[in-house]
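Quick notes on the structure that follows.
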Amino acid sequence: LQPTQQIQPAPSITQPSVVVANPTPANTPATPQVHVSSSEPPTVGQLVSKSHSGGYDEDGINLEEIREFAKDFKIRRLSLGLTQTQVGQALTATEGPAYSQSAICRFEKLDITPKSAQKLKPVLEKWLNEAEMRNQEGQQNLMEFVGGEPSKKRKRRTSFTPQAVEALNTYFEKNALPTGQEITDIAKELNYDREVVRVWFCNRRQTLKNTSKLNVFQIP
DNA sequence: CGTATGCAAATAAGG
DNA sequence: GCCTTATTTGCATAC
């Protein structure tokens with residue numbers, strides 16, 4: 001009943017503009033390259049298309065093998081008539097780590113780092129093999145396998161309300177490094193887990209720092 | 001509806 | 001326990 005303050009499109013006021021006013025540099029003049037973020041690790045897709053020596057990356061990960069599996073995975077997933085969403089959901093029910101639809105999508109597109117891919121591959125491989133096995137026993141078995149328990153491993157991502165973010169930013173402007181007690185108070189005031197608030201400050205500091213020292217020297 | 005993706009939570013690892 | 005730095009990963013939503 002209460003006219004809950006719905007998602008407001010951010011009131012134009014409260015403009016932080018603390019340290020880094022708005023260093024947004026005019027975009028790179030002539031660099032048709034892919035998103036040139038400061039220092040993001042290359043994805044498997046990018047590396048693999050550069051025809052690396054033998055198809056291995058600097059850490060000895062077999063990029064070719066991953067590319068091949070990713071392609072195969074998608075074909076087999078589709079053969080089972082499953083969506084990325086279903087696979088992601090099904091993975092949360094297994095013993096191993098869980099992944100979202102986004103993760104499945106990125107894996108298939110190789111839009112992930114070799115390290116991540118290396119970690120994902122065995123998980124997906126194992127799951128897919130079992131899914132196919134179930135499918136042979138009958139489609140019903142497959143659907144049971146896909147819709148399992150939601151045993152969660154990773155903490156679910158918190159979504160702060162725009163109001164909460166605004167409040168957090170206000171606190172941050174006053175003090176970017178609150179004490180343990182202050183974090184506790186803020187968490188209680190905004191009604192979020194203390195740990196979530198603590199991490200928010202950590203991430204906020206990190207973002208601010210990274211934003212400040214924008215790529216001065218870049219790609220030779 | 002399923003898939004792709006931007007932004008930023010959450011996590012890993014070293015102090 | 002908390003910090004930083006680097007990175008992984010997912011929610012929300014655009015395509």
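Chain letters run A, B, ... following the sequence lines, proteins first, then strands; residues in each count from 1. Just so we're clear, the structure is a prediction, and the values are computed from it rather than from any experiment.
Remark: the Q181(A) side chain and the D185(A) side chain contain an N/O donor-acceptor pair separated by less than 3.5 Å.
Mapping L120(A) and R194(A) onto DNA chain C by nearest heavy atom places R194(A) closer to the 5' end of the strand.
Backbone-only contact: T113(A) has heavy atoms under 4.0 Å from sugar-phosphate atoms and none from a base.
Taking the charged nitrogens against the carboxylate oxygens, E195(A) and R198(A) do have a contact shorter than 4.0 Å, which makes a salt bridge. Salt bridge absent: K71(A) and E68(A) never bring a charged side-chain N and a carboxylate O closer than 4.0 Å. Here K126(A) does not pair with E130(A) in a salt bridge; the nearest charged N to carboxylate O distance is not below 4.0 Å.
For R106(A) against dG10(C), a side-chain-to-base donor-acceptor contact under 3.5 Å is present. For a distance-only test at 3.5 Å, the side chain of S102(A) qualifies as a donor-acceptor partner of the base of dT5(B). On a pure distance criterion of 3.5 Å, no polar donor-acceptor pair joins the side chain of R77(A) and the base of dG2(B).
Between the side chain of E182(A) and the backbone N or O of T179(A) there is at least one donor-acceptor pair closer than 3.5 Å.
Within 6.0 Å of the NZ atom in K115(A), the count of heavy atoms belonging to other residues, nucleotides or ligands does not exceed 12.
Regarding L78(A), its CG atom lies at a distance of 10 Å from the C1' atom of dG2(B), rounded to whole Å. Rounded to an integer number of Å, the gap from CD of Q86(A) to P of dG2(B) is 7 Å. In this entry the distance linking NZ of K209(A) with P of dC3(C) reads 12 Å, nearest Å. Note: CG (D111(A)) to P (dG10(C)) measures 14 Å, nearest angstrom. With rounding to whole Å, L91(A) atom CG is found 13 Å from dT9(C) atom C1'. The separation between I104(A) atom CD1 and dT8(C) atom P is 16 Å, rounded to whole Å. Atoms CD (Q101(A)) and C1' (dC1(B)) sit 12 Å apart, rounded to a whole Å. With rounding to whole Å, R204(A) atom CZ is found 9 Å from dA8(B) atom P.
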B/S/- along nucleotides 9-15 of chain B (protein heavy atoms under 4.0 Å) is BBB----

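Remark: L177(A) CG to R204(A) CZ distance equals 13.5 Å, nearest 0.5 Å.
Residue Q84(A) places at least one side-chain N or O under 4.0 Å from the OP1 or OP2 atom of dA4(B). The side chain of Y99(A) contributes an N or O atom lying less than 4.0 Å from OP1 or OP2 of dT9(C). Between R205(A) and dC3(C), a side-chain N or O to OP1/OP2 separation shorter than 4.0 Å is present.
In the set dT3(B), dT4(C), dG10(C), the nucleotide with an atom closest to the side chain of C202(A) is dT4(C).
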